[in-house]
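Here is the structure we will look at.
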Amino acid sequence: MHWQPIDNLPQDWQKLASSELPPLVTVWNEQADRLRNSGAFKIFMEKMRREIAIETGIIERLYTIDRGITQLLIEQGINEALIPHGLTDRPIKQVVALIQDQEMAIEGLFDFVGGQRSLTTFYVKELHQLLTKNQTHTEG
């Protein structure tokens, strides 16, 4: 088959839709609601938020932390007691505070993506305040 430019949709493009789609959308929405209301979904979202928060701090070079400890914090929660002395380049209390700041900002981003927050100047300033609350410096 040879390359061809993409053509515009035909005028009667609605006829291309399958009659099976509306019932599938209904089933999809029912399953999505059931999943959203399950404890498993809540646990998944908490772990994902923790992972994003920890990895963001590492990417931003706010701290270094061992991959095994990262996994432990993702699974069990952000807790000073889970970080052994010497496995990060900053004081443990500071690392935990930075991760918690990142986690709060991530939670706010989830609200924005989910449509519960609007993109406003106030919201951007709020995110910046959350992200830099416990930062003593930044690299440029």
Side-chain angles (χ1 to χ4, degrees):
M1 179 173 239
H2 297 319
W3 178 86
Q4 297 178 33
I6 298 173
D7 292 328
N8 289 334
L9 288 173
Q11 293 293 335
D12 61 346
W13 62 269
Q14 291 91 347
K15 292 181 182 176
L16 297 174
S18 169
S19 61
E20 296 175 7
L21 287 179
L24 285 175
V25 168
T26 301
V27 170
W28 175 274
N29 287 332
E30 288 170 358
Q31 293 296 326
D33 286 341
R34 189 173 302 129
L35 180 61
R36 274 188 215 100
N37 295 325
S38 76
F41 180 74
K42 182 180 177 192
I43 291 168
F44 170 79
M45 292 301 288
E46 287 171 358
K47 288 180 181 181
M48 185 168 71
R49 187 177 60 239
R50 286 193 294 260
E51 182 172 9
I52 293 169
I54 295 166
E55 296 294 336
T56 298
I58 293 169
I59 290 168
E60 295 293 328
R61 291 191 241 170
L62 299 177
Y63 48 80
T64 59
I65 196 165
D66 180 84
R67 186 71 195 152
I69 300 304
T70 298
Q71 284 304 122
L72 187 63
L73 294 172
I74 291 167
E75 291 297 320
Q76 300 203 8
I78 310 304
N79 184 333
E80 288 179 35
L82 298 174
I83 305 174
H85 181 71
L87 286 184
T88 183
D89 62 340
R90 304 247 189 268
I92 293 171
K93 282 186 182 300
Q94 183 183 18
V95 171
V96 168
L98 290 166
I99 293 171
Q100 289 170 337
D101 293 346
Q102 297 284 341
E103 193 174 11
M104 290 294 293
I106 299 296
E107 191 172 329
L109 287 172
F110 283 2
D111 289 344
F112 169 70
V113 170
Q116 290 92 12
R117 296 283 311 252
S118 298
L119 184 59
T120 63
T121 303
F122 176 79
Y123 176 59
V124 172
K125 288 178 180 180
E126 184 182 348
L127 278 177
H128 181 263
Q129 184 180 17
L130 281 171
L131 290 169
T132 59
K133 181 179 174 185
N134 286 291
Q135 286 185 27
T136 57
H137 71 284
T138 186
E139 292 182 26

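All heavy atoms count here, side chains included; hydrogens, waters and symmetry mates do not.
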message: When you compare the side chain of T70 with that of E55, does any pair of heavy atoms fall below 4.5 Å?
response: yes

Under the side-chain contact (heavy atoms from CB on, under 4.5 Å) test, residues paired with Y123 that sit two or more places apart: L109, F112, R117, L119, T120, E126, L127

- prompt: Do I78 and R50 come close enough that some side-chain heavy atom pair is under 4.5 Å?
  reply: yes

- prompt: Which is it for I65 and L73 under the side-chain contact (heavy atoms from CB on, under 4.5 Å) test, yes or no, and what are the steps along the way?
  reply: CA-CA 11 Å; I65 196 165; L73 294 172; 3.7 Å; yes

message: The criterion is salt bridge (charged side-chain N to carboxylate O under 4.0 Å, His left out); which residues satisfy it with K93, sequence neighbours excluded?
response: E80

query: For I6, what are the other residues in its hydrophobic cluster, where any two members join if their side-chain heavy atoms are less than 4.5 angstrom apart?
result: none

Acceptor/donor pairs from residues 11-33 side chains to any protein atom, 3.5 angstrom cut, sequence neighbours excluded:
residue	atom	partner	partner atom	Å
S18	OG	E20	N	3.1
T26	OG1	P22	O	3.2
N29	ND2	V25	O	3.3
Q31	OE1	R34	NH1	3.2
D33	OD1	R36	NH1	2.8

Side-chain donor-acceptor pairs under 3.5 Å in residues 96-108, sequence neighbours left out?
residue	atom	partner	partner atom	Å
D101	OD1	N134	ND2	3.1
D101	OD2	N134	N	3.1
D101	OD2	N134	ND2	2.8
E103	OE2	R49	NE	3.4

Hydrophobic cluster (4.5 angstrom, side-chain heavy atoms) - remaining members for I59: none

query: Who pairs with M48 by side-chain contact (heavy atoms from CB on, under 4.5 Å), at least two apart in sequence or on another chain?
result: F44, M45, I52, F110

field: Which residues share a side-chain hydrogen bond (donor to acceptor under 3.5 Å, both in side chains) with Q129, sequence neighbours left out
entry: none

query: What pair of heavy atoms forms the shortest contact from S38 to L35, and how long is it?
result: OG-O, 2.8 Å

task: Decide side-chain contact (heavy atoms from CB on, under 4.5 Å) for Y63 and I92; before the verdict, give the C-alpha distance in whole Å, the side-chain angles of both, and the deciding distance to 0.1 Å.
output: CA-CA 10 Å; Y63 48 80; I92 293 171; over 6 Å; no

Qualifying residue, where the test is side chain to side chain contact (heavy atoms under 4.5 Å, CB included) with I69 and the options are V95, I74, T88, L87: L87

- line: Sequence neighbours excluded, the answer for side-chain hydrogen bond (donor to acceptor under 3.5 Å, both in side chains) partners of D89 is T64

message: Could you work out, with salt bridge (charged side-chain N to carboxylate O under 4.0 Å, His left out) as the rule, every residue matching E46, not counting sequence neighbours?
response: none

- request: Mind checking side-chain hydrogen bond (donor to acceptor under 3.5 Å, both in side chains) for K47 and listing every partner two or more places apart, or none if nothing turns up?
  value: E75

statement: Those residues at least two apart in sequence (or on a different chain) that pass salt bridge (charged side-chain N to carboxylate O under 4.0 Å, His left out) with K42 are none

